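Questions regarding the structure given below will be posed in turn.
Atoms considered below: every heavy atom in the structure, side chains included; atoms not considered: hydrogens, waters and symmetry mates. One-based numbering, in listed order, for ligands and for the atoms of each. Nothing fancy with the numbering, it's 1 onward along the sequence. Small disclaimer: the values here were computed from a predicted structure and weren't measured.
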Amino acid sequence: MYVSVAIDLALDRLFTYSVPVELAEKLLVGQLLRVPFGGRVARGFALATTDEAPEFKTKPILAIEDESPFFSPALLKLVRWIADYTASPIETTLRAALPAAVLKPGARAKELLYVEVAKRTEQLTQRQCQLVSEIARVGGGWMQQLVREFKTTPATLRGLAAKGALSIEPRMARRDPLAGRNVLPTKPLPLNDLQSSALSTILGTSDDNSVPQNIAQDHLSPFTSHISPFTSHPSPFTFHHSSFTHRPILLHGVTGSGKTEIYLQAIAQMLDEGKGAIVLVPEISLTPQTVRRFAGRFGERVAVLHSALSDGERYDEWHRIRTGAARVVVGPRSAVFAPVRSLGLIVVDEEHDPSYKQEETPRYHARDVAVVRARLEGARVVLGSATPSLESWRNAQTGKYVLASVPSRVAGRALPAVHLVNMEDEMARIGHLPIFSMQLLDAIHSRLANGEQTILFLNRRGYSRVLECPACSWVAECPDCSVPYTYHRADNCLRCHVCGGWMHVPASCPECHGTDFSYTGIGTQRAEAALLRCFPHAHVLRMDADSTSRKMSHDDILSAFRAGKADVLLGTQMIAKGLDFPNVTLVGVLNADVSLHRPDPRASERTYQLLAQVSGRAGRAEKPGEVYIQTFSPEAPAIAAAASDKGFAAFAEAELRDRKAAYLPPFCRMATLVFRAKEEDLARSWAELYARSLADWAEKYDTAKGAGLFRVSEAAEAPLAKAEGWFRYQIVVRAPSARDIVSAVRWIESARPVPKDVRLAFDVDAQNLS
Ligand code: ADP
Ligand code: ZN
Ligand code: ZN
């Protein structure tokens with residue numbers, strides 16, 4: 001028997017070994033093996049076995065490191081698909097699919113010391129007696145806990161054990177990320193008609209999601225499949241897999257329409273059938289509030305894969321999933337790889353969210369991986385959002401996905417009334433640009449008077465608080481990254497939000513020696529100060545990267561706000577998603593335009609999504625909500641649509657028309673190649689070389705398949721032209737299918753590999769141009 005092994009070094013090659021007879025019957029694909037490699041011992045995963053001897057000489061494997069496989073055959077297939085689709089090394093992709101903690105040498109279930117009272121003995125001091133009886137009263141416990149609780153030391157407890165009063169033994173401990181949180185059990189809510197019909201679409205009890213005869217299986221790929229004119233090898237991009245049974249469901253439900261309750265009931269059904277489920281949520285909304293909703297319904301059967309887990313917790317949760325002790329997994333994008341047994345359902349909540357895209361190798365999109373995994377394992381997949389990505393929306397229109405709509409909020413609650421405030425008018429009226437318009441101030445005032453809460457949203461991903469010399473227009477910029485510094489008032493310094501570098505505010509302008517700086521733009525700190533000037537008695541909580549790293553955690557701030565300890569929550573994108581505060585009746589967006597003017601084809605879509613999501617925080621309970629959006633571009637389609645009652649479908653229709661005319665996704669695939677080098681000439685010349693080769697390829701492609709389908713941009717400075725001292729040049733490629741782009745890039749890479757001092761990042765489904 002022979003086995004092909006992916007060695008745990010990013011070599012992007014498989015190596016064949018022979019399998020000694022004594023190991024042959026234990027060997028399974030997905031296992032971690034020990035193999036000889038270049039005079040050393042290396043670790044690697046078994047990917048496939050065969051009895052056919054290769055033409056070259058092979059060495060035998062040394063051992064099976066862990067008999068239970070780390071990857072099921074289906075997960076292995078998924079990983080290989082991702083490696084092919086994103087043109088990533090197979091080993092890097094395998095690694096991305098496993099929590100790092102699981103592979104760490106020495107990773108294992110944790111044993112902790114457990115203390116119990118053995119017998120009362122006479123020879124104890126009064127204090128020792130007291131300690132023993134207190135431990136008896138609580139019925140024993142973990143050594144660590146007892147030490148903390150009774151303010152004693154391990155040495156004292158060991159002393160008592162030596163005298164026979166206590167017994168101390170190692171026991172298996174589950175490091176439970178939910179420990180110490182009281183989670184109240186919840187019961188399923190009776191669904192309204194809209195929710196019920198969405199649920200039956202998901203569960204396939206209605207006719208909608210059976211596969212129609214006229215759609216070939218290939219078309220059910222989330223990726224358009226085209227036959228490449230240049231390659232003849234079997235394609236990794238199409239599946240001829242007979243076991244797929246369910247079309248993906250796009251659940252389009254407005255904010256507050258009760259999507260989560262639908263997920264919960266669909267999962268309950270899976271558990272009843274003996275199946276498991278994965279729920280993907282955006283990184284930022286993986287809050288205790290979200291976790292509680294799932295743990296409240298399914299208790300111990302829920303495993304959480306939170307990015308803030310310790311290695312130990314992560315290891316334990318992963319093993320609880322692998323052994324089937326946990327059947328429901330909640331986590332961010334990497335949870336799509338959770339080794340859930342008999343997977344029945346994958347939910348991708350807020351499927352449009354950019355955090356589902358991994359921005360390092362392998363550059364996969366968890367939503368697309370979810371669709372492929374579901375197909376491989378015959379599971380259902382639900383993509384939920386109030387503002388679906390245009391890719392998914394289009395897939396629903398063409399019939400690849402089934403659309404389930406929940407067009408209104410639960411219990412007859414109204415969507416908030418959205419008002420646009422034209423800041424041009426406001427500026428003309430008072431002679432300068434205010435942070436808060438009169439309308440918004442009035443609205444905040446009335447909430448304060450009624451004891452209702454307000455959320456103020458400041459999109460800071462622009463260059464908010466920039467230090468500028470008005471005399472010569474010099475702007476303080478990070479020397480290593482081509483972005484302006486952001487001014488931080490708390491410590492009076494300038495910080496780079498790309499590399500984290502900082503400097504003190506200079507005494508004078510390096511260009512003209514002027515000393516009279518101005519601070520343009522609005523940051524959260526300045527908005528908070530301005531708000532407190534208007535309402536000195538208001539309680540304001542600020543949430544942004546600075547406030548959360550210091551005083552209070554993310555969770556602390558949100559619980560304080562939920563408990564009514566503040567009138568206003570002011571923050572960045574961190575507060576845009578998923579939060580459900582019943583007493584919030586007003587949402588204000590201070591500068592809607594920031595994300596609109598980014599050099600990115602999805603800028604309009606992102607702006608609309610952001611505005612709709614923030615607006616959705618208002619009026620979620622009995623009291624109706626109101627939203628004020630401050631803007632200089634009230635007529636921009638994304639902004640006008642956010643205020644119109646025509647809803648998402650109208651926005652999507654107009655946006656899709658524009659995308660089609662401009663040959664942009666979802667009407668093509670858009671990839672980027674970013675070349676980085678410490679020397680600008682090097683980055684530029686390699687980008688230019690690749691751009692020329694790609695253009696040659698495009699010409700051949702045109703001849704074969706029709707003009708204008710394979711488009712290659714010029715090599716140009718990336719919008720972020722320099723980062724951490726590396727110069728960045730970019731090429732944008734558009735083509736009908738990802739596979740066509742991958743083939744082209746692979747061909748050029750093999751002919752002209754980039755040298756060591758140039759880094760090439762190839763992103764086959766670039767989500768933003770940066
Ligand atoms: P979404 O995820 O669509 O924004 P949620 O699932 O958060 O909406 O639901 C909004 C609120 O409505 C939640 O407080 C939820 O408990 C409540 N809710 C959901 N479904 C029902 C129902 N059928 N009856 C009453 N309340 C419901
Ligand atoms: Zn920098
Ligand atoms: Zn100056």
Side-chain angles (χ1 to χ4, degrees), residues 184 186-199 251-266 279 281-282 285 287 289-290 292-294 296-297 347-351 382 384-388 404-413 415-416 463 467-486 494-503 506-518 562 576-584 612-622 625 720-726 728:
L184 298 176
T186 63
K187 289 228 169 60
L189 297 170
L191 298 183
N192 62 38
D193 290 350
L194 292 168
Q195 286 173 310
S196 305
S197 90
L199 181 64
L251 175 59
H252 175 224
V254 297
T255 56
S257 58
K259 293 188 287 298
T260 310
E261 187 62 35
I262 299 174
Y263 305 148
L264 289 167
Q265 300 199 14
V279 184
V281 299
S285 60
T287 58
Q289 194 190 346
T290 311
R292 229 176 269 133
R293 288 181 83 172
F294 289 89
R297 194 68 56 88
V347 172
V348 184
D349 190 27
E350 312 282 7
E351 66 91 30
V382 178
S385 179
T387 54
S405 292
V406 190
S408 46
R409 285 186 163 178
V410 294
R413 287 168 204 157
L415 281 162
Y463 305 120
L467 183 75
E468 192 180 353
C469 170
C472 74
S473 6
W474 171 80
V475 169
E477 240 180 40
C478 173
D480 293 328
C481 313
S482 57
V483 297
Y485 276 126
T486 301
L494 299 167
R495 281 182 200 284
C496 170
H497 285 194
V498 174
C499 70
W502 64 278
M503 64 177 277
S508 63
C509 169
E511 298 287 327
C512 73
H513 307 291
T515 53
D516 207 10
F517 292 122
S518 79
R562 165 172 300 273
K577 285 166 206 150
L579 302 176
D580 190 7
F581 299 114
N583 199 31
V584 170
Q613 296 290 340
V614 216
S615 302
R617 302 309 116 214
R620 291 175 67 89
E622 289 73 25
L720 176 60
K722 195 182 178 194
E724 302 181 33
W726 292 77
R728 305 172 85 245

Is there a donor-acceptor pair closer than 3.5 Å between any side-chain N or O of Q195 and the backbone N or O of G258?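 Here the side-chain-to-backbone pair exists.
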
Hey, could you give me the CG/CD1 distance between L189 and I262, rounded to the nearest 0.5 Å? 11.5 Å

Does ligand 1 have an atom that lies less than 4.0 angstrom from a heavy atom of A411? no

Once rounded to the nearest 0.5 Å, what's the spacing between atom CH2 of W502 and atom OG1 of T486? 15.0 Å

The reported gap from CD in Q613 to CD in E350 (rounded to nearest 0.5 angstrom) is 4.5 Å

What is the nearest protein non-hydrogen atom to atom 4 (O) of ligand 1, stated with its residue, atom name and distance? G256 N, 2.8 Å

Quick one: does Q195 get an N or O within less than 3.5 Å of an N or O on ligand 1? yes

How does R293 reach ligand 1, by side chain, by backbone, by both or by neither, if only non-hydrogen atoms under 4.0 Å count? side chain

Taking the non-hydrogen atoms of G253, is any one of them nearer than 4.0 angstrom to ligand 1? no

Check this for me - ligand 1, L189, N or O atoms closer than 3.5 angstrom, yes or no?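 N/O-N/O distance under 3.5 Å: no.
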
Approximate separation, where rounding is to 0.5 Å, of L264 CG and K259 NZ: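 So the CG of L264 and the NZ of K259 are separated by 13.0 Å.
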
Keeping waters out of it, list the protein N, O or S atoms under 2.8 Å from the Zn ion (ligand 2). C478 SG, C481 SG, C496 SG, C499 SG

Could you measure the distance from the OG atom of S405 to the CG atom of L251? Nearest 0.5 Å is fine. 8.0 Å

Taking 4.0 Å as the limit for heavy-atom contacts, which would you say applies to T260 with ligand 1: side chain only, backbone only, both, or neither?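 Looking at T260 and ligand 1, atoms from backbone and side chain both fall under 4.0 Å.
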
So which heavy atom in the protein is nearest atom 13 (C) of ligand 1, and how far is it from that ligand atom? D580 OD2, 3.6 Å

Taken to the nearest 0.5 Å, the spacing of C469 SG from H513 NE2 works out to 10.5 Å

Atoms in ligand 1 with a heavy atom of V254 nearer than 4.0 Å: 3 (O)

Within 4.0 Å of some non-hydrogen atom of K259, the atoms of ligand 1 are 1 (P), 2 (O), 3 (O), 4 (O), 6 (O), 8 (O)

Using a 3.5 Å distance criterion without hydrogens, assess whether the side chain of K722 forms a donor-acceptor pair with backbone atoms of C478.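 Side chain of K722 to backbone of C478: no pair is present.
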
Which protein non-hydrogen atom lies closest to atom 12 (O) of ligand 1, naming both residue and atom, and how far is it?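 Result for atom 12 (O) of ligand 1: V410 CG2, 3.3 Å.
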
Has ligand 1 got any nitrogen or oxygen that is less than 3.5 angstrom from a nitrogen or oxygen of L191?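 N/O-N/O distance below 3.5 Å does not exist for this pair.
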
Give the residue, atom name and distance (to 0.1 Å) of the protein heavy atom nearest atom 9 (O) of ligand 1. G258 CA, 3.5 Å

For R297, which residues count as a salt bridge (Lys or Arg N to Asp or Glu O under 4.0 Å) partner, sequence neighbours excluded?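 Residues passing salt bridge (Lys or Arg N to Asp or Glu O under 4.0 Å) with R297: E261.
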
Side chains of P510 and W474 in contact at under 4.5 Å (non-hydrogen atoms): yes

Does the side chain of V382 reach to within under 4.5 Å of the side chain of Y263, using non-hydrogen atoms?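 Yes, their side chains come closer than 4.5 Å.
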
Can you tell if the side chain of L415 reaches within under 4.5 Å of the side chain of S615, non-hydrogen atoms only?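 The answer is no; the side chains never approach within 4.5 Å.
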
Taking every non-hydrogen atom, the tightest pair across A507 and T515: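 Looks like O-CG2, 3.6 Å.
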
N/O/S of H513 less than 2.8 Å from the Zn ion (ligand 3)?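 For H513, the answer is no, given that no N, O or S atom comes within less than 2.8 Å of the Zn ion (ligand 3).
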
Where does P190 meet ligand 1, judged by heavy-atom distances below 4.0 Å: at the side chain, the backbone, both, or neither? backbone

Strictly by modelled atom types, are T255 and R409 linked by a side-chain donor-acceptor pair under 3.5 Å? yes

Taking non-hydrogen atoms only, is V406 closer than 4.0 angstrom to ligand 1 via side chain, backbone, both or neither?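 Neither; nothing of V406 gets under 4.0 Å from ligand 1.
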
Quick check for you: with the Zn ion (ligand 3) as the vertex, what angle do SG of C512 and SG of C509 span, to 10°? 110°

